[in-house]
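So that the names make sense, note that chain A is the first sequence line, chain B the second, and so on, each numbered from 1.
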Amino acid sequence: MALRIFNTLTRQKEELVPLQPGRVNMYVCGPTVYDLPHIGHAKSYVSFDGVVRYLRHRGYDVLYVQNITDVGHLTDDADEGEDKVLRRARERRIQPMVLVEYYMREYFRCLDALNVLRPDISPRATGHIPEMIDLIQRLIEEGHAYVAEGNVYFDVTSFPQYGKLSHRRLDEQEMGRRVGLTAGKRHPADFALWKAADPSHIMRWNSPWGPGYPGWHIECSAMSMKYLGETFDIHGAGVDNLFPHNEDEVAQSEAAIHRPFARIWMHNGTVLVDGEKMSKSKGNFVTIDEGIQRHGAMRLRFYVMNSHYRSPLGYTDAAVAEAGRAFERLQIAVQSAARYRQLPAAPGGDAEAGALRAQIERHRQAFYEAMDDDFNTPAALAALFGLATEMNRVTAAPSASVALQEAVGQASQTLLELGEVLGLDFRPPAPAADDLVPRLVELLLSLRQSLRQQKNYAAADEIRFRLQELGIIVEDRPEGPTWRRAAG
RNA sequence: GGCGGCGUGGCCAAGUGGUAAGGCAAGAGUCUGCAAAACUCUGAUCAGCGGUUCGAUUCCGCUCGCCGCCUCCA
């Protein structure tokens, strides 16, 4: 069974054939760390986390690199804008590196909370200035870049394939309509590899062209090729980076190395708010912290996984809450399985156990088929729901058999294992060893049982309602009461 | 103006040339002291109009609506 991925370059699903068998080298454009990460970042990095996790689950040795942009990302037009980091730092009257350090840590903290695995390497742009200068020099020597007043620009006309990733033609764009040609630039689409900086500019480095700082696009080329090799397997990013950022990456990289840069390009859909893209510059964003606070990290993650990575995702709190209830269904299935396995068991049940095992296998295959088809996580989740239903059918019974308990255990294990491939954890949070809550709840429930036996239902219900107010949901089952923590 | 995408039951969301996964919500039933959870059952002809085809929601064309990119953004 082959794993197929939609490649933006060819606009088709292609089989993943890594350059080195068994190994996948993958790069994803990381954040510019000048503000808090929001739900848009969550979607992107959760999605690519799912990609990495699934590739590893399939046995690939994945080397995952994701940059941290801490210099060179301009606020506006590539020629007239101001460095985002610099501007924010000036507004707050702190050093740029203090700002960067702070938001980089926030970024990792938030994504850790969403159970996103950290990249193997998180290279920072400011730590790779020499690599960028080397690459720029190579481009100048090859006739693909030119110097103008201390700036270095990439000459897009020197790279005939320019536009092949985003499938645009230069002459069809409205480029330069507003600003026209900046001094020294030969073509409106030429982009800065290196920007000259005057002494008032805090972040600047010496270069063969004078003091300055790198353009935004060059860092991704320099750092990906440094750690993954000049040609590597997968490059991911949000679609909003397709043009010009990724296009420029392809141009400057392939102009320098004369062979393919990234082989498969994956692009993630954007998050929309009220029909508009959520973005830092628009200010219409919900931060990851706010999202987690409102819905919980796992539910937020589930929400992201419940739509396809390439689809746009319309964020509303109602939709996340709804996804949260779906997530709860899987949690309850796992919890019911655990309870079922505690029941006194009669011998036998082999036939039913065999049937359940067949269902486990069926749904596992469905999960793999879905993920193999361009990481179709909604379809993969549907397989998990199918498995959960099979489990519930069995565990709803008041009596258990030895063989079925065994099979239910396997089903539960499978559900947890495949959930983990998506970075989802369906287990109830384990209470701390010194947590009195479980013991106190058990105590109340045993008192309540006595009341129920005395048919004092008013008092029994009172206990149940009061517990519910505290976030404890009580459920009476034939074999006795059970409880769980409420969602959120 | 160019390029790309989207419009699937009340809501979220997959998908296929042969009469539409899954989830949430809703209704009915089973279970329960009552609930809750679970289980069973019920519901869409896929924006509109044409065309290709034995047959299209899925392919093509047009129309309408929405979105993204073309300037920063995951």
How many whole angstroms separate atom [atom1] of [X] from atom [atom2] of [N]?
{"X": "A:Arg11", "N": "B:rG4", "atom1": "CZ", "atom2": "C1'", "value": "6 Å"}
{"X": "A:Tyr368", "N": "B:rA21", "atom1": "OH", "atom2": "C1'", "value": "20 Å"}
{"X": "A:Phe375", "N": "B:rG15", "atom1": "CZ", "atom2": "P", "value": "14 Å"}
{"X": "A:Asp190", "N": "B:rU71", "atom1": "CG", "atom2": "P", "value": "13 Å"}
{"X": "A:Leu165", "N": "B:rC70", "atom1": "CG", "atom2": "P", "value": "14 Å"}
{"X": "A:Asn268", "N": "B:rC69", "atom1": "CG", "atom2": "C1'", "value": "15 Å"}
{"X": "A:Met305", "N": "B:rG22", "atom1": "CE", "atom2": "P", "value": "21 Å"}
{"X": "A:His363", "N": "B:rG22", "atom1": "NE2", "atom2": "P", "value": "9 Å"}

What's the gap between [N] and [M] when it is taken at their [atom1] atoms, as a whole Å value?
{"N": "B:rA25", "M": "B:rC67", "atom1": "P", "value": "30 Å"}
{"N": "B:rG9", "M": "B:rA14", "atom1": "P", "value": "13 Å"}
{"N": "B:rG15", "M": "B:rA44", "atom1": "C1'", "value": "14 Å"}
{"N": "B:rU45", "M": "B:rC11", "atom1": "P", "value": "14 Å"}
{"N": "B:rC62", "M": "B:rG2", "atom1": "P", "value": "12 Å"}
{"N": "B:rA20", "M": "B:rA56", "atom1": "C1'", "value": "12 Å"}
{"N": "B:rU32", "M": "B:rA74", "atom1": "C1'", "value": "49 Å"}
{"N": "B:rG10", "M": "B:rA47", "atom1": "P", "value": "13 Å"}

What parts of residues 320-329 of chain A reach RNA chain B, counting only heavy atoms under 4.0 Å away?
->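 The answer is A:Glu322, A:Arg325, A:Ala326, A:Arg329.
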Heavy-atom contacts under 4.0 Å between residues 461-470 of chain A and RNA chain B, which residues?
-> A:Asp461, A:Arg464
Distance-only polar pair, side chains of [X] and [Y], donor-acceptor under 3.5 Å:
{"X": "A:Asp372", "Y": "A:Tyr54", "result": "yes"}
{"X": "A:Asn67", "Y": "A:Thr69", "result": "yes"}
{"X": "A:His267", "Y": "A:Thr8", "result": "yes"}

According to the 5.5 Å centroid and 30° plane-angle thresholds, does A:Tyr457 stack upon the nucleobase of B:rG33?
-> yes
Between the main-chain N or O of A:Gly163 and the side-chain N or O of A:His167, is there a donor-acceptor pair closer than 3.5 Å?
-> no
Heavy-atom donor-acceptor pair, A:His363 side chain to A:Gln359 backbone, under 3.5 Å |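 Side chain of A:His363 to backbone of A:Gln359: a pair is present.
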On RNA chain B, check which nucleotide each of A:Gly275 and A:Pro244 is closest to and give me the residue with the more 5' one.
->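 The residue closer to the strand's 5' end, by nearest nucleotide, is A:Gly275.
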Please tell me which of A:Ala460 and A:Gly314 maps to the more 5' nucleotide of RNA chain B, matching each residue to the nucleotide holding its nearest heavy atom.
->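 First, find each residue's nearest nucleotide; the 5'-ward one identifies A:Gly314.
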Other residues, nucleotides, ligands: >12 heavy atoms within 6.0 Å of A:Arg466 CZ | no
Pairing nucleotide - B:rC6, Watson-Crick or G-U, each distance under 3.5 Å = B:rG65
Give none if B:rC59 has no partner; otherwise give the nucleotide forming a Watson-Crick or G-U wobble pair with it, both distances under 3.5 Å.
->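 Across all strands, the one nucleotide that pairs with B:rC59 is B:rG51.
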Geometric cation-pi criterion, A:Arg118 with A:Phe108: 6.0 Å, 45° | yes
Between A:Arg168 and A:Phe243, is NZ or CZ placed under 6.0 angstrom from the six-membered ring centre and within 45° of the ring axis?
-> yes
Under 4.0 Å between a side-chain N/O of A:Arg168 and OP1 or OP2 of B:rG4, yes or no?
-> no
Salt bridge check: are [X] and [Y] linked by an N-O gap of less than 4.0 Å?
{"X": "A:Glu361", "Y": "A:Arg357", "answer": "no"}
{"X": "A:Asp83", "Y": "A:Arg87", "answer": "no"}
{"X": "A:Asp373", "Y": "A:Arg4", "answer": "no"}

Using a 4.0 Å heavy-atom cut-off across all strands, classify A:Val28 as base, sugar-phosphate, or nothing.
->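 Counting heavy atoms under 4.0 Å across all strands, no contact is made by A:Val28.
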